[in-house]
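Here's the structure, in structure tokens; my notes come after.
The chains referred to below are lettered A, B, ... by the order of the sequence lines, with proteins before strands, and numbering in each begins at 1. Basis for what follows: all heavy atoms, side chains included, without hydrogens, waters or symmetry-related copies.
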There are 2 protein chains.
Amino acid sequence: MNLITATDLTNDLRKLEIDIEKSVSEDEFIQEICTPLLRGGKRLRPILFLLCARSKNFCSPEKALPLATALELIHTASLVHDDILDSAKKRRGVETLNSKYGAQIAVLVGDYLFAKAFQLVAENDYGNEVSLILSKLVKKLCIGEIMQDRKLFVVPTLSEYYRQIDLKTAFFLSTCCRLGGIVAQLEKSDVENLANYGTSLGLAFQIVDDLLDFFGEENITGKALGGDLKGGVITLPVIRALRIGKNSDTLKKILAQDKISNAEVLTAIKIIRETDAVEYCKNRAASHIYCARLDLPNDIDKSVKNSLEKIADFVINRNW
Amino acid sequence: MNLITATDLTNDLRKLEIDIEKSVSEDEFIQEICTPLLRGGKRLRPILFLLCARSKNFCSPEKALPLATALELIHTASLVHDDILDSAKKRRGVETLNSKYGAQIAVLVGDYLFAKAFQLVAENDYGNEVSLILSKLVKKLCIGEIMQDRKLFVVPTLSEYYRQIDLKTAFFLSTCCRLGGIVAQLEKSDVENLANYGTSLGLAFQIVDDLLDFFGEENITGKALGGDLKGGVITLPVIRALRIGKNSDTLKKILAQDKISNAEVLTAIKIIRETDAVEYCKNRAASHIYCARLDLPNDIDKSVKNSLEKIADFVINRNW
């Protein structure tokens, strides 16, 4: 069974880009500030959704694209609002709205993008279940960020860290896969399997992201190095280094401050590198990817399955 | 025709309060910070909706209440986000989230309330039209605030001022009435009439609000005096005083600054009082209320019509 082709997917993605651009074209100022912001994304969420939506009963791109766009808008809205929280200066390689236009505009543009996403869903008759899933997704993203904000500069336990990355990333990717399965009218068990694939993929994705925050190249990741640490968000590489590193006292001292300098970020990176933290994180990410692959349903379209497997590999091998 | 009684309405409002409280009870921290915030509102938006929803074909409170709650949540969310923009210290008589917990939490709590509103709508089968109207409402509120934020300390023309208060308030009140008419399954023309009533009511409401910003009593309005002016939002009393006052040069000088002191607010109030601005604003508000009453459909439930007329009178006679 091979219902869709690589050409179909390429066409979907081309149309997705057009729809994303169009989604902010109603108001001139919104368009001006959102267009550069919306251009740089990996499109991981809409791609996961589109693939799952095309995984069995052939779902037309016309049916799938508005929801794919809505997912990217929700993701972008939450990034815009997160950048207020983090006072981040760069995102997707460009200056953040927060930094360029101030928190005021960033709050409103994020709200606008959320509202536009719900408009796209309402306009395209996806039904109440889809709206409900999306509203719960946004709530979970908020709860995740609130939790994170309340625990800044606090070293989480491993299970607290996992709860955090689930709320922040894994639940979102899982939701994209779930929605795709629903739109494709898959059987319940297959929808659950796709959702489980999304969860594992998301855990791996966030762990890799947390590694890239320390070891990525700024001009490739599009984000400033050590941004999480400076903002007080303690992630897996630090958790691991604190547990086993011989220089964990220095690391603890750095974390005990309210403000962390660039030099201290470099010290932290050095300390982390002296431990097995990088390997440990990579191994954990790889094990989630292994689980993700196991959860993929067997009887879905072969080229979709193949693409979902490739995404799984991309997630752990990426440098952006 | 008198389908509903004052007791029905009192019962609706009692249930509304319970539902509003329940809407933020899922998460302990959300509950802790939202409960005081949600307590102080006038409930104008849900009341307008409930009245219109009960205006003809009897609509059960079970059907109407979740949407009434959603409207109050959207209103509260936009207030929470506005308070970030305005750096306001007080709202509904209590300290703003922004002031108490910082912009971070205020952004997220606002997002949560928006999402919860959309969840309530999706859960209660109001259909796509209602979701669509709500998402467009949120977009309009954002556009209105963005416009306002870009024109701070700029004196608007009368028509720019009207566009502003339409986006900010009148469109919201109009939407509440429209949604009520839709839920009550009124004829299209009656829905439009109710929506027009809401628009006029909203224009009057905002003009009175703008007066109260200068002449209200802080312990009654729950907001700090001259907050708009200090934030650079130039409203009708100032527009009028600038046009006809003999001390308009002093007023212009005050407005030409980036920061306006408390003493300057008092000077501005004195200058405004020397003109006919207060009377002018009151007359304008009264004329909108006159229009609002004219738009009320004749063949709706008598006690609903009576209540909508009372609300119109309240809007221009209120001191909070």
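- E32(B) CD: more than 12 foreign heavy atoms inside a 6.0 Å radius.
- If you run side chain to side chain contact (heavy atoms under 4.5 Å, CB included) between Q104(A) and each of I146(B), I84(B), D82(B), D149(B), only D149(B) comes through.
- Looking at D27(A), only its side chain comes within 4.5 Å of chain B, counting heavy atoms on both sides.
- E129(A) does not touch chain B: none of its heavy atoms, backbone or side chain, sits under 4.5 Å away.
- Heavy-atom contacts from other residues, nucleotides or ligands closer than 6.0 Å to CD of Q185(A) number 12 or fewer.
- Counting non-hydrogen atoms of neighbouring residues, nucleotides and ligands closer than 6.0 angstrom, the NZ atom of K15(A) exceeds 12 such neighbours.
- Counted by atom type alone, K136(A) and Q119(B) present zero donor-acceptor pairs between their side chains at under 3.5 Å.
- In this structure, OG on S131(B) lies 6.5 Å from CG on N128(A), to the nearest 0.5 angstrom.
- Contacts between F118(A) and chain B at a heavy-atom distance below 4.5 Å involve backbone atoms as well as side-chain atoms.
- E145(A) contributes atom CD, which lies 15.0 Å from atom OH of Y112(B) (distance to the nearest 0.5 angstrom).
- Residue K116(A) touches chain B through both its backbone and its side chain, counting heavy-atom pairs closer than 4.5 Å.
- Applying the 6.0 Å contact sphere to CD of E160(B) captures more than 12 heavy atoms from other residues, nucleotides or ligands.
- Between the SG atom of C142(B) and the CG atom of L108(A) there is a distance of 5.5 Å, given to the nearest 0.5 Å.
- Interface remark: of the candidates V138(B), L132(B), D125(B), L132(B) forms the most heavy-atom pairs closer than 4.5 Å to chain A.
- Counting non-hydrogen atoms of other residues, nucleotides and ligands closer than 6.0 Å to NZ of K63(B) gives a total above 12.
- Only the side chain of I30(A) comes within contact range of chain B, with at least one heavy atom under 4.5 Å from a heavy atom of that chain.
- Among Y126(B), Y101(B), F29(B), the residue with the largest count of heavy-atom pairs under 4.5 Å with chain A is F29(B).
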